[in-house]
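Nothing here was measured: the structure is a model prediction, and the numbers come from that model. A, B, ... follow the sequence lines: proteins, then strands. Residue 1 opens every chain.
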Amino acid sequence: MGKKLRGKDLIKLGFPKNNSINVALGQINRYYKKKKKEQVLQEAKEVLLKPELFKGDGVWGKIAESLLTPVTVKKHALNTTRAPFMIYGEDEIDDQAKYQLYDALKLPVSVAGALMPDAHTGYGLPIGGVLATNNAVIPYGVGVDIGCRMCLTVYPVAVSYLKGKRYRLEKILSEHTKFGMYETHKIKHDHEIFSREEFTTIPLVKKLKDKAYKQLGTSGSGNHFVEFGIVTITDAENEWGIKPGDYLGLLTHSGSRGLGANIAKHYTHLATKQCPLPKHVQQLAWLDLSTHDGHEYWLAMNLAGDYAQACHDDIHKRIGKLIGAKPICKIENHHNFAWKKMVNGVECIVHRKGATPAGKGALGIIPGSMTAPGYIVRGRGNSESLHSASHGAGRLLSRRKCKEKFTKSAINKVLKEHGVTVLGGGVDEAPMAYKNIHNVMANQKELVEVVGTFTPKIVRMDR
DNA sequence: ATGTCC
């Protein structure tokens, strides 16, 4: 904008002297910086005259909303009692994670909650936390890595291939997977997700499209991985009619990269501003789904979830081609996401932050560690857990503690004992940093049944 | 988790 647009310009147009001025200035300064001031004022006038015509518009929609339904931001008080909840494997869970859930259960929008047996402290809702709310979505109830998920492809290949072709499989992982914050594929990989309208209708998402394009099919950092291993099917009554036994498997764990991270950051910021809460629970700020921002977050979150899936698709498609085998089956699930689900007969927003969906018959993957098996599970549809299960073994030691405690050579020794090769991986991802997956599984027998296991053999991670 | 400070 040539000359900066000010509040008094909007008042001159006839804007009411309420929050709509702040909303308008915020939107215009964020998204219309390069537009001519006259042009912006002309459009603002049209919005002022007929706000209902601009509902749903990426930029003007929020301004129209503030004109149609002016709200004063008020501080919410917590309820004095907790919504109903269940904790699974509570002896293994640190108190702070429980307190975080208890706080969340006192939000005026909370309906029910649960804590999974791998739970530990997080921002806002604990990791391993599940929370059902009424028409409200909590960005920190989903987490920063929106759509972080697992994907397992099973190939009709004997596991002797892992030994015989070990070098070739290692080479596939080092050359065809991309890790870390800066690494991308040399050639952009296309995907139908890039034709989604959210990339044009939501201004923030539009700005992230190019980054998302570059990062498609990359894995990121932290605990994300791509690995080959042994799939052992134990349930003879499985849905694919696979004979119980051992097969080659490809397992991936990653999320929505920069796209989801920026969406999470943006809407967390908006939620914090419009949903003031007592200081100790401010990170649980929510967005009302009937508002412009709440609806927009919902669309952006769903896009990020689909993008995360597209990233796994890209990885599995490319690596499958290199192996040259046709998959027998593919199992996948989000573990950082929110869904609209019925809870006690009422539609709720069910947040799962580090929890595997475990509705009746739903298949999922619960990874163990590099040296412990992960589990292929089938949900039992336990309603007290809000149809959820753990998303892994859970951390026993923080990243910082790992750096104090473990050396590279001590980790290599353990890996060697288990016949596991790791390409990359820092001391903070030491297998000893994780809880015993067998305990965790024992603590959620009511939530999932075991279909099979996945034992990692060749792992690639960041660094 | 993320070009880890709006």
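The environment of NE2 in H295(A) is sparse: at most 12 heavy-atom neighbours from other residues, nucleotides or ligands sit within 6.0 Å.
The residue R30(A) sits apart from the nucleic acid: no heavy atom pair falls under 4.0 Å. No engagement by E183(A) is indicated, since no non-hydrogen atom pair under 4.0 Å with the nucleic acid exists. The residue G255(A) sits apart from the nucleic acid: no heavy atom pair falls under 4.0 Å.
In terms of position on DNA chain B, the residue among K265(A) and E429(A) whose nearest nucleotide sits closer to the 5' end is E429(A).
Using a 4.0 Å cut-off on heavy atoms, the residues of residues 173-182 of chain A that approach DNA chain B are M181(A), Y182(A), listed by number.
Not counting sequence neighbours, S385(A) has no partner by the side-chain hydrogen bond (donor to acceptor under 3.5 Å, both in side chains) test. Not counting sequence neighbours, the partners of E198(A) by the side-chain hydrogen bond (donor to acceptor under 3.5 Å, both in side chains) test are R196(A). Listed by chain and number, the residues in a side-chain hydrogen bond (donor to acceptor under 3.5 Å, both in side chains) with Y307(A) amount to none (sequence neighbours excluded). Looking at residues two or more places apart in sequence or on another chain, you find a side-chain hydrogen bond (donor to acceptor under 3.5 Å, both in side chains) between R30(A) and H266(A).
Following rounding to the nearest Å, L204(A) (CG) and dC6(B) (P) show an atom-to-atom distance of 13 Å. A straight line from CG of D145(A) to C1' of dT4(B) spans 14 Å, rounded to a whole angstrom. Rounding to whole angstrom units, NZ of residue K207(A) and P of dC6(B) are separated by 12 Å. Taking atom CZ of residue R399(A) and atom C1' of nucleotide dT2(B), one finds them 12 Å apart after rounding to whole Å. Look at NZ on K273(A): it is 13 Å from P on dC6(B), rounded to the nearest Å. To the nearest angstrom, C1' of dT2(B) lies 12 Å from OH of Y123(A). Computed from coordinates, the N262(A) CG to dC5(B) P distance equals 12 Å when rounded to whole Å. Summarising the geometry, the separation between NE2 on H269(A) and P on dC6(B) is reported as 9 Å, rounded to the nearest angstrom.
Annotation: ring pair (Phe, Tyr, Trp, His ring centres under 6.0 Å) contacts involving residues 422-441 of chain A, sequence neighbours excluded, are absent.
One finds no salt bridge joining E227(A) and K457(A) here, because no Lys/Arg side-chain nitrogen approaches an Asp/Glu carboxylate oxygen to under 4.0 Å.
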